[in-house]
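Reminder, nothing fancy here: chain letters follow the sequence lines and each chain counts from 1. For the numbers below, each heavy atom of this structure counts, side chains included, while hydrogens, waters and symmetry mates do not.
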Amino acid sequence: MPVAIGMLRAMADGDVSRPVFWADQIAMELAASTAAPATDGIAEHPADGRDDPASAGGAGPAQVMNDSKTPSGRAHVGALRGVLVHDAVLRSCRAAGMAATYRFGSDDMDPLDELSPGLEDHLRPHLGKPLHAVPAPPGVDAPDLATWFIDELFGVFEPLGVGAVTYRMRDVYRSGQFDDAIDAIVRHAGAVREVYRRVSGSQRPDDWLPLQVVCERCGRIGTTSVSDYDGETVAYQCRRDLVAWAEGCGASGRVSPFGGRAKLPWKLEWVAKWHVFGVTVEGAGKDHTTRGGSREVAAACLEAVFDEVAPRNVPYEFFLVGGRKMSSSRGRGVALGDMARLVPPDLLRFVMLRVPPRRAVDFEPDLATVSRLFDDYDRLVNKVASGACTPADVALYETARAHPAERGPLGGSSVRPAPVSRSLPPFDTVVSVLQLPHLDTVAALERGIGRQLSAGERSVLDERMASARTWLEVFADPAERIELQHAVPASAEALDQRQRAYLHVLADLLEDCPWQGTAVQAALFDAARCTPIAPRDGFSAVYQVFLGRRDGPRAGYLLAFLDRAQVLARLRALPYDAAGLWQATACTSISEAVDWVAEVVPGAAAPATAPAEVVLRPVAIDGVGVSGTGMSGGAAQAPGSPASVAAAGVELDVLDSQGRRHRARLALGGPGAAGSRQQVAVAEQVAAALTEAGYEVRSAPRRAAPDHSAAPGGRARRASAG
RNA sequence: GCGCCUCUAGCUCAAUGGCAGAGCAACGGACUCUUAAUCCGCAGGUUGGGGGUUCGAAUCCCCCGGGGCGCACCA
């Protein structure tokens, strides 16, 4: 199977009419261009013997990838784009049998030129110093600022399977590796100035040298201007007004620019890296790649000074969050560490590498986007596992996999496990289930998909659950998070009388309902018919009372995993106008009630079916509440207002052949009709009429007002309850 | 001003010169019954507009338009 995968790569079959993974395309072009004896001098500058030995087995000219990052702030996800673009090219080169290495540098000789949010006071005195010379903030366990910042990025290399060898510019300069390049570049300062003028249009003074030294007095490097190179030393001035963001100390003198006492400005440092390391591939973000931009200037300088051709560029777009560029200085964006905890390594590689470098990756860590990412990756894995895929699919899959332990000289595909198709609960489902308390998440999810997960799927699910937890903890905004409220939230005061009545009806039905998801879910619908209310409005009321929002996960399951007594108390917490409900919903004559029963359950018309059960229950409406509803705050009702409504009635509960409960109310007239004698008489008339029509009629005892524990035994007689 | 990317079904995107497709959403249906855990089905398009190359164009070239971003100060 691994062999088949290798053969599927576009390069192996040479069928250019089929889609080619972008990194494979670049590797092909590199192989083609370096195979031919070019006019460049790159071959004369092999990567000075520090190659990763693992790469030595490859055939053909060695490719040296280089990339770097200035450790000037907390790393955000965008920093990973360049890292992974180069890593993808590295893997493609190795998969094609080419020798290739990947170096990644920390540009920690650069001056501190901005104040990271939250660290202003600590950093301000050090503006202009090399980043490696700025102390880490108090309480941070790092030797210096640059190390602290860059380790955040380097820390994800291993888990992501990034095959880069890291280095630090302070070490490069101190070791003297750059001394010859510094000498050559400064000697060619005139040519450099000319390139600056010609390519980017920037004018430099005639005595300007492309170099900055560390001020011997204040230690700043961003504030010094340099001139007059004599082959051993340069003259410098630490100027107060050289840059706006830092102030020099005013010192001046002569100093040797070698061995770490000076650094080249950015564009020339690039030149030196390319020359000294023999770099053949170095991509750059679009901010560098514009016409007349730093990349073009550097390429021209490389040619002017060393007569070499610049490495292959791989221009790449930004990684946007919600369509906007991330900015660590403005605190906008997604922290690298958060992102690494949010999505598993494979997915992080996948999201960065599936789009060609020149296209922006727009990723918003909201539920829909993250869920889609998981879906997309599952689909890719299944596609590759099934074999119904293109070479580009296979290449993307291989490139997206993070498995550092198996990385080999040729990409290690021969030892990689074959992809296994998976059928896992989607991310948003996992998020949903995780938020239900007291729930065995895995068991619930397995129940959801109707089978047990394999061991492999289980480990992927564990990963997904960890992601879901991170999402809930770090990324979910209040609108996306469901949180069980400890009391009825204030927003629930807006529920109308019908919804409030629904909650009370539901509470009564849940008194002796089996405490299980499906049964509770059925009770939710029963309560909607019994109120009556549109199910949607009833559900909405439940979500309002428990979650403080209008929708939520399947309500029956939500409630079933809570404590019954607490659920009942919560449902009854909001008072409602019982008399008003009766006025709005009750039948006013016996014949109307009987017609209603016949409409709901056509028992007489279908004698073959089991007779539907009708339960009659006398109910007192004493003007402040209906007895038996559990409403305790009757005194809150204004005296007076219910004077005109029925003072007593009969509830008719009908259980149809499918066990669904329906309810009608029969009001008995004005305030004077409250006598139980009349209730009994009416109930008997209704019962007689219904019995005549073929229904099985039972009567439930009148319920005592404040005590609903004496619930009539027949109430829960329904198919699902037995 | 210069440069890059982008425009395809309601939404997010595939298809890289060979019959315009998927996932969600919608719609229809099933499920002791829609509501953030299920399944099946159906529909959805002048590929931003115009011109050109080609037997054949979403795809390549030119022009126009909409949107996003970058460089013109610094790494």
Checklist entry - Counting side-chain heavy atoms from CB outward, which of B:U35, B:G3, B:C5 is closest to A:T290? => result B:G3

Next on the checklist: Quick check on the 6.0 Å ring-centre criterion: do A:Y167 and A:F277 meet it?
Outcome noted: yes

Checklist outcome for this item: So CZ of A:F319 and NE2 of A:H76: to nearest 0.5 Å the spacing works out to 10.5 Å

Checklist entry - C1' atom, B:G23 versus B:G52: distance in rounded Å? => result 36 Å

Checklist entry - Does any N or O in the side chain of A:T289 come within less than 3.5 Å of the main-chain N or O of A:G285, such that one atom is a donor and the other an acceptor? => result yes

Checklist entry - Contact class for A:P535 (heavy atom, under 4.0 Å): base, sugar-phosphate, or nothing? => result base

Item to check | Spacing between A:Y377 atom OH and B:U12 atom C1', to the nearest angstrom | outcome: 21 Å

Checklist outcome for this item: In Watson-Crick or G-U wobble terms, with both distances under 3.5 Å, the base opposite B:G48 is B:C64

Next on the checklist: Determine whether the aromatic ring centres of residues A:W208 and A:Y196 are separated by less than 6.0 angstrom.
Outcome noted: yes

Checklist outcome for this item: Testing B:A36, B:G3, B:A75 for proximity to the side chain of A:L367, the answer is B:A36

Checklist entry - Roughly how far apart, to the nearest Å, are B:A14 and B:A30 at atom P? => result 37 Å

Checklist entry - Do NZ/NE/NH1/NH2 and the carboxylate oxygens of A:E29 and A:R312 come within less than 4.0 Å? => result yes

Checklist entry - B:C5 phosphate, OP1 or OP2: any side-chain N/O from A:R359 under 4.0 angstrom? => result no

Next on the checklist: Between A:R291 and A:P356, which residue's closest nucleotide on RNA chain B lies nearer the 5′ terminus?
Outcome noted: A:R291

Item to check | Watson-Crick or G-U wobble partner of B:G3, both distances under 3.5 Å | outcome: B:C69

Next on the checklist: Measuring from the side chain of A:K286 (C-beta onward, heavy atoms only), which nucleotide among B:A75, B:U35, B:G68 has the closest atom?
Outcome noted: B:G68

Next on the checklist: With rounding to the closest Å, how many angstrom separate the P atoms on B:U59 and B:C19?
Outcome noted: 14 Å

Next on the checklist: Regarding A:D110, tell me which of base, sugar-phosphate or nothing describes its non-hydrogen contacts under 4.0 Å with the strands shown.
Outcome noted: sugar-phosphate

Next on the checklist: Checking base pairs now: Watson-Crick or wobble, both atom distances under 3.5 Å. What partners B:A25?
Outcome noted: none

Checklist entry - Under a 3.5 Å cut-off for both distances, is B:U59 Watson-Crick or wobble paired, and to whom? => result none

Item to check | Base-pairing mate for B:U53 - Watson-Crick or G-U, with both contacts under 3.5 Å | outcome: none

Checklist entry - Taking the C1' atom of each, how far is B:A22 from B:A9, in whole Å? => result 11 Å

